[in-house]
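For reference, the structure is listed below as structure tokens.
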Protein chains: 4
Amino acid sequence: MPIHIDERSTTPIWEQIVQQVKELILKKVLRPNDKLMSVRELASALLINPNTVSKAYQELERQSIIETRRGKGTFVTEALSGQGNEQKIKEIRESLKLLVMESSYIGVSRDTLVQWIDGYLKEWGGEDDVNRPQSK
Amino acid sequence: MPIHIDERSTTPIWEQIVQQVKELILKKVLRPNDKLMSVRELASALLINPNTVSKAYQELERQSIIETRRGKGTFVTEALSGQGNEQKIKEIRESLKLLVMESSYIGVSRDTLVQWIDGYLKEWGGEDDVNRPQSK
Amino acid sequence: MPIHIDERSTTPIWEQIVQQVKELILKKVLRPNDKLMSVRELASALLINPNTVSKAYQELERQSIIETRRGKGTFVTEALSGQGNEQKIKEIRESLKLLVMESSYIGVSRDTLVQWIDGYLKEWGGEDDVNRPQSK
Amino acid sequence: MPIHIDERSTTPIWEQIVQQVKELILKKVLRPNDKLMSVRELASALLINPNTVSKAYQELERQSIIETRRGKGTFVTEALSGQGNEQKIKEIRESLKLLVMESSYIGVSRDTLVQWIDGYLKEWGGEDDVNRPQSK
DNA sequence: GTGGTCTAGACCACT
DNA sequence: GTGGTCTAGACCACA
């Protein structure tokens, strides 16, 4: 569970953790029912405040990506909901819009963007529906 | 120059203004040498503090997107240089990565993303007609 | 971290701070990873508004001279990259031109100018000793 | 008397005029007792407000670089004072300090600076004491 | 505790 | 009229 923090980054540490856990799951380094490091373990490993890790875990739980089983620890949830969270989609579209705008300004072409997207998807496992193992 | 602020959003007001001005330029509603609303005008139109507008304008100027002429007002810059800002590209790639991650989780396919991108680019298209009518 | 403000000067306070911080770094009074005074501390020390200090710090960060770590404070950046900023060079040449013009008018010779330059460079010299004593 | 204004520049127009007049004198395009264009002439030539030209001329007069002879016009003064205006010297030293600081940051060497200085002096007429014709 | 954002209102230089 | 700067004081997220 290799997570590393960039202290300089402007994105909050707890958010960096959230993002990296998600990435580890997409990359299948972490799989459903795998146990995460405890809050204290991870905090001391990263040399940060346990509160910060806790906040990250809470956010991940809120997104139903992990779940805590009392007395046992924190685990990756079984199935990742592919339910079209409308709110989330809106956010993604908004982010994408800004991203395409910025790309336009500095001269990054459409095709380059698409290439980058494909690059990431390939890196994380190829199949188009990696995130919905039960369907199909 | 229709700008509107989302008070609830977590992104700072000044940044919302920056983004929307950029969008207006991409959409060619604002064209090179066009005058922006004055700091005071825009501030009272949006019911926000002039300082906030000022900060937005200063950031836009820093990015060479607009320029202020003393005592005259603020204007859209002549040409948008496509200088390959490496730092900026890094940021875009990072954002894109997160965005693709989120998309995977929520079940948004690669093709949908590409469609969205093409949609935005088309919307800002290259036509040279002044103030494209929103209808059509 | 001795900074002092000239209230009479026409150059903005925030810019005076920027300049003096830069000077302190060149003089090696401040070194990479050193922590700057907090916005509030410096503001109350200088009897100015925290916003003004903040603006100075933000400008220094924009120039990659310092960096802020959330909730921790503001620190001197590791390495000063000598990236050949063309725009900046143009500005320097312009300033230098004016300066030489003024010098000519007032009867300051070329050699005097060169002496002054050497004086400054020597003052900020390359020695690696921490906090060079002003005495000696 | 070729003067041109950069509307985009952040330095005030009146100051641009002051600088360029000084430069023209150093370059000997304008010589002692030469008549300057009238305020109105110059203003309409530059498409700017006469007040702005007036302000520039006032500043030049304040520095004893030009003088107005009532009913006759404005003229370049006879001899340029080489008196070591202490205040002015202080200002020059301060500017030079900042300039050298900035140069250090972006990696412009001492020798480059000296070359630039020599370049300007040569451009304006070579002799070291161009500005004090009466001595020697 | 840290820095980031915003408001309210003031003054200034430039045109 | 324009934008730039500063003050006073408030609230927020982050650690």
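Proteins come first, then strands; the chains are lettered A, B, ... in the order of their sequence lines, and each starts at number 1.
On the nucleic acid side, DNA chain F contacts chain C at distances under 4.0 Å to non-hydrogen atoms, with the end points of that region at F:dT5 to F:dA15.
Between B:K72 and D:E7, some side-chain heavy-atom pair lies under the 4.5 Å cut-off. C:I17 has its side chain within reach of C:I5: a pair of non-hydrogen atoms, C-beta onward, lies under 4.5 Å apart.
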Please, what dot-bracket string fits DNA chain E when only Watson-Crick and G-U pairs with both distances under 3.5 Å count, crossing ones use [ ] and pairs to another strand use |?
-> ||||||||||||||.
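At least one donor-acceptor pair under 3.5 Å links the side chain of B:Q16 to the backbone N or O of B:D6. Judged by distance alone, the side chain of C:E61 and the main-chain N or O of C:T68 form a donor-acceptor pair under 3.5 Å. A distance-only check finds no donor-acceptor pair linking the side chain of D:E59 to the backbone of D:E15 [under 3.5 Å]. With A:T77 contributing its side chain and A:S64 its backbone, the two residues share a donor-acceptor pair below 3.5 Å.
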Verify side-chain contact (heavy atoms from CB on, under 4.5 Å) between C:I92 and D:I106, making sure each step is shown before the conclusion.
-> CA-CA 10 Å; C:I92 288 181; D:I106 71 169; 3.8 Å; yes
Step by step, work out the side-chain contact (heavy atoms from CB on, under 4.5 Å) result for C:R31 and C:K28.
-> CA-CA 6 Å; C:R31 294 168 158 278; C:K28 303 215 170 69; 3.5 Å; yes
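Of the residues in residues 37-49 of chain B, B:I48, B:N49 come within less than 4.0 Å of DNA chain E through at least one heavy atom, sorted by number.
When the nearest nucleotides of DNA chain F are assigned to A:W14 and C:W14 by heavy-atom distance, the more 5′-ward of the two goes with C:W14. Nearest-nucleotide mapping onto DNA chain F: of A:T52 and B:G71, the residue sitting toward the 5' end is B:G71. Mapping D:K55 and C:Y57 onto DNA chain E by nearest heavy atom places C:Y57 at the nucleotide closer to the 5' end.
In this structure, the CD atom of D:E15 is 11 Å from the C1' atom of E:dA13, given to the nearest Å.
Inspection of the B:S54 and B:Q58 side chains reveals an N or O donor paired with an N or O acceptor under 3.5 Å. Under the 3.5 Å distance criterion, with hydrogens and angles disregarded, a donor-acceptor pair is assigned to the side chains of A:K22 and A:Q63.
When all heavy atoms are compared, the tightest approach of A:Y57 to A:I66 is O-CD1, 3.5 Å.
Residue contacts for B:T74: at a heavy-atom cut-off of 4.0 Å it reaches the sugar-phosphate backbone alone, with no base atom in range. D:N51 comes within 4.0 angstrom of no nucleic acid atom, judged by non-hydrogen atoms across all strands.
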